[in-house]
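Each remark here refers to the structure printed beneath this line.
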Amino acid sequence: MRLSQYYLPTLKEDPKEAEIASHRLMLRAGMIKQTSSGIYVWLPLGLRVLKKIEEIVRKEQNASGAHEILMPTIQSADLWKESGRYDAYGKEMLRISDRADREMLYGPTNEEMITDIFRSHIKSYKSLPQNLYHIQWKFRDEIRPRFGVMRGREFLMKDNYSFDLTKADAVHSYQKMYLAYLRTFAAMGIQAIPMKADTGPIGGDMSHEFIVLAETGESDVFVDKAWMDADLTGDGIDYNNRAKLDNFYQALTSMYAATDEKHDPDNAPDNLIHTRGIEVGHIFNFGTKYSEAMNAKVQDQNGDMVTVEMGSYGIGVSRLVGAIIEANHDDDGIKWPEAVAPFSVGIINLKPSDRDCTEACNDLYTKLEKAGLEVLLDDTEDRGGTKFANMDLIGIPWQVVIGPKGLEQGTVELKKRATGEKKEVTLDSILEMLSGEAK
RNA sequence: CGGAGUGUGGCGCAGCCUGGUAGCGCACUUGCAUGGGGUGCAAGGGGUCGUAGGUUCAAAUCCUAUCACUCCGACCA
């Protein structure tokens with residue numbers, strides 16, 4: 001992408017409404033624009049990141065055996081009346097009526113709808129287990145939206161729902177998601193620790209919140225130092241290998257990790273790390289709460305009707321954009337992990353009026369794009385300083401700085417945003433280096 | 001919902017107390033110079049002062065209503 005032709009409205013000054021780093025940086029980097037309280041437009045740069053995160057989530061869900069569907073944002077109130085939550089949900093639910101005065105709502109979650117989808121076609125134990133997910137916009141009319149996309153009213157969420165015949169099978173489904181979540185967050189370049197969570201009004205005995213460690217996070221967390229060295233991706237474990245998966249789960253859940261509400265100093269280990277974090281995922285098993293209320297049953301081997309065991313699992317996709325920034329930024333701007341970066345390489349043309357310099361930039365740009373890299377070429381007339389500041393702000397992992405002085409020597413500067421490390425390299429070697437490192 | 005604030009060009013703000021026909025910085029346009037970490041000089045463009053009423057010869061400024069947004073608190077993926 002050529003910056004001169006892109007829509008990237010970066011800001012030099014901090015917008016006054018943004019209090020925390022990720023919100024401030026997303027506005028300054030031209031990723032989002034607020035249209036109403038807690039509702040945002042995703043501008044080109046922001047959307048690129050959102051899509052990357054979404055794709056990482058999707059990939060691991062598929063790997064775990066879940067099937068993607070897409071449920072509508074607008075739901076009929078009928079299903080919610082059936083589960084009893086239409087009255088229970090309160091003002092957080094955005095209620096609307098259609099032209100025939102039917103009661104509708106903008107979905108805050110999908111347990112009712114998915115249960116209806118399940119029961120309408122699945123009638124036999126032979127069809128179990130099932131795990132369906134979708135990545136869709138939700139709306140919760142928060143009392144007080146804040147922190148930009150981290151706590152918006154409209155948000156993109158991956159939610160899935162498992163259906164099993166027995167409690168033991170449901171445990172397996174739960175553990176699969178536990179692992180899938182760990183792998184998903186690791187693939188994004190962030191560290192998310194599963195912490196025992198309150199199951200709240202939904203109930204059930206198994207529930208974990210996945211919390212990204214970030215010093216600027218919103219809640220206090222206490223974790224065993226052992227988490228830092230633990231294998232969090234279950235290297236080599238197949239989702240269908242129950243024994244191995246269970247061992248992995250037992251090993252991890254035996255390590256201490258708690259938010260301040262759940263923190264118990266008396267039972268905490270000595271080597272405790274006290275830091276802050278942001279919840280980016282939540283998994284729980286809630287047994288038969290919805291299947292019971294909505295009559296989701298299958299026949300077992302004996303022909304008896306059995307109410308299915310359910311679990312639900314959420315990842316805050318849009319929230320992750322903010323969370324990743326909270327965990328990866330400095331005073332100059334964002335430092336994207338490569339897996340979610342909007343572009344992997346930025347090229348800075350220090351002197352657009354210099355023909356050779358511009359030619360070298362265009363040439364490298366074309367080559368890198370051909371090699372499959374996503375490249376942002378700053379071909380504007382701005383000064384070098386402006387370009388450096390902008391590139392740091394939007395956090396492109398690799399920056400190639402090309403100017404007449406270096407070109408005389410046949411070199412360009414390669415800068416790694418995450419560390420600030422710079423080195424002079426030859427123009428010829430850069431393609432190879434970047435294809436290897438930034439791919 | 002309780003408490004506290006803010007709405008003036010794209011962004012950040014001054015002006016309001018003490019009414020007199022709107023200003024500053026950044027950004028933008030043009031020209032010249034410049035070109036290795038937010039460049040200098042010069043000339044420009046852009047504003048229903050959130051909205052609606054009212055007071056007044058005259059309202060960004062005073063009064064009333066209303067809308068939006070932000071922050072603190074209870075609540076949350």
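All values derive from a computational prediction rather than experimental measurement. So that the names make sense, note that chain A is the first sequence line, chain B the second, and so on, each numbered from 1.
Residue-level contact check: A:Pro9 touches neither bases nor backbone, having no heavy atom under 4.0 Å from any strand. Within 4.0 Å of A:Gly314, counting heavy atoms only, lies no atom of the nucleic acid at all. Across all strands shown, A:Thr386 has heavy atoms under 4.0 Å from base atoms, whether or not it also approaches the sugar-phosphate. Contact annotation for A:Gln399: no contact, since no heavy-atom pair falls under 4.0 Å across all strands. Across all strands shown, A:Lys33 has no heavy atoms under 4.0 Å from either base or sugar-phosphate atoms. Across all strands, A:Val401 comes closer than 4.0 Å to base atoms (heavy-atom distances). When heavy atoms are screened at a 4.0 angstrom cut-off, A:Asp354 is found touching no nucleic acid atom at all. Across all strands, A:Glu279 comes closer than 4.0 Å only to sugar-phosphate atoms, never to a base (heavy-atom distances). Across all strands shown, A:Arg28 has heavy atoms under 4.0 Å from base atoms, whether or not it also approaches the sugar-phosphate. A:Lys158 comes within 4.0 angstrom of no nucleic acid atom, judged by non-hydrogen atoms across all strands.
Counting atom types as modelled, A:Lys16 pairs no side-chain N or O with a base atom of B:rG7 as donor and acceptor under 3.5 Å. Between the side chain of A:Ser353 and the base of B:rG35 there is at least one donor-acceptor pair of N/O atoms closer than 3.5 Å. Contact of A:Asp382 with B:rG38 (side chain to base): no donor-acceptor pair of N or O atoms is detected under 3.5 Å. In this model, no side-chain donor or acceptor of A:Arg146 finds a partner on the base of B:rC72 within 3.5 Å.
Side-chain proximity of A:Lys12 to B:rG38, B:rU70, B:rA77: nearest is B:rG38. Side chain of A:Glu13, nearest nucleotide from B:rA77, B:rC26, B:rA74: B:rC26. Among the nucleotides B:rG38, B:rG37, B:rU70, the one closest to any side-chain atom of A:Asn390 is B:rG38. Distance from the side chain of A:Glu92 is smallest to B:rC75 among B:rC75, B:rC72, B:rU70. Here B:rA77 is the nucleotide among B:rG35, B:rA77, B:rG36 with the atom lying nearest to any side-chain atom of A:Arg319.
For the P atoms, the distance linking B:rA60 with B:rA52 amounts to 13 Å, nearest Å.
Taking the 5.5 Å centre cut-off and the 30° plane limit, the aromatic side chain of A:Phe388 is not classed as stacked on B:rG38.
Pair assignment for B:rU6: B:rA68, on the basis of Watson-Crick or G-U wobble contacts that are both within less than 3.5 Å.
Phosphate proximity of B:rA77 to A:Ser318: absent, as no side-chain N or O sits under 4.0 Å from OP1 or OP2. The phosphate of B:rU70 (OP1 or OP2) has a side-chain N or O of A:Gln34 nearer than 4.0 angstrom. For the OP1/OP2 pair of B:rU34 and a distance below 4.0 Å, the side-chain nitrogens and oxygens of A:Arg383 include no atom meeting the criterion. In this model, the phosphate group of B:rA68 is not approached by any side-chain N or O of A:Ser36 to a distance below 4.0 Å at OP1 or OP2.
Although no hydrogens or angles enter the test, the distance criterion places a donor-acceptor pair under 3.5 Å between the side chain of A:Asp379 and the main chain of A:Ser4.
Atom CG of A:Leu11 is separated from atom P of B:rG12 by 8 Å (rounded to the nearest Å).
Taking 4.0 Å as the cut-off between side-chain N and carboxylate O, A:Glu374 and A:Arg48 count as a salt-bridged pair. Under the 4.0 Å criterion applied to side-chain N and carboxylate O atoms, A:Lys262 and A:Glu209 are not assigned as salt-bridge partners. For A:Asp330 and A:Arg417, the salt-bridge test passes: some basic side-chain N is under 4.0 Å from an acidic carboxylate O. Contact check on A:Glu326 versus A:Arg276 returns no salt bridge, with no Lys/Arg side-chain nitrogen under 4.0 Å from an Asp/Glu carboxylate oxygen. With respect to the salt-bridge test (charged N to carboxylate O, under 4.0 angstrom), the residues A:Glu55 and A:Arg58 qualify.
Between A:Arg151 and A:Gly385, the residue anchored nearer the 5' end of RNA chain B, judged by the nucleotide with its closest heavy atom, is A:Gly385.
The only option from A:Ile114, A:Asp159, A:Asn110 that meets the side-chain contact (heavy atoms from CB on, under 4.5 Å) definition with A:Leu132 turns out to be A:Ile114.
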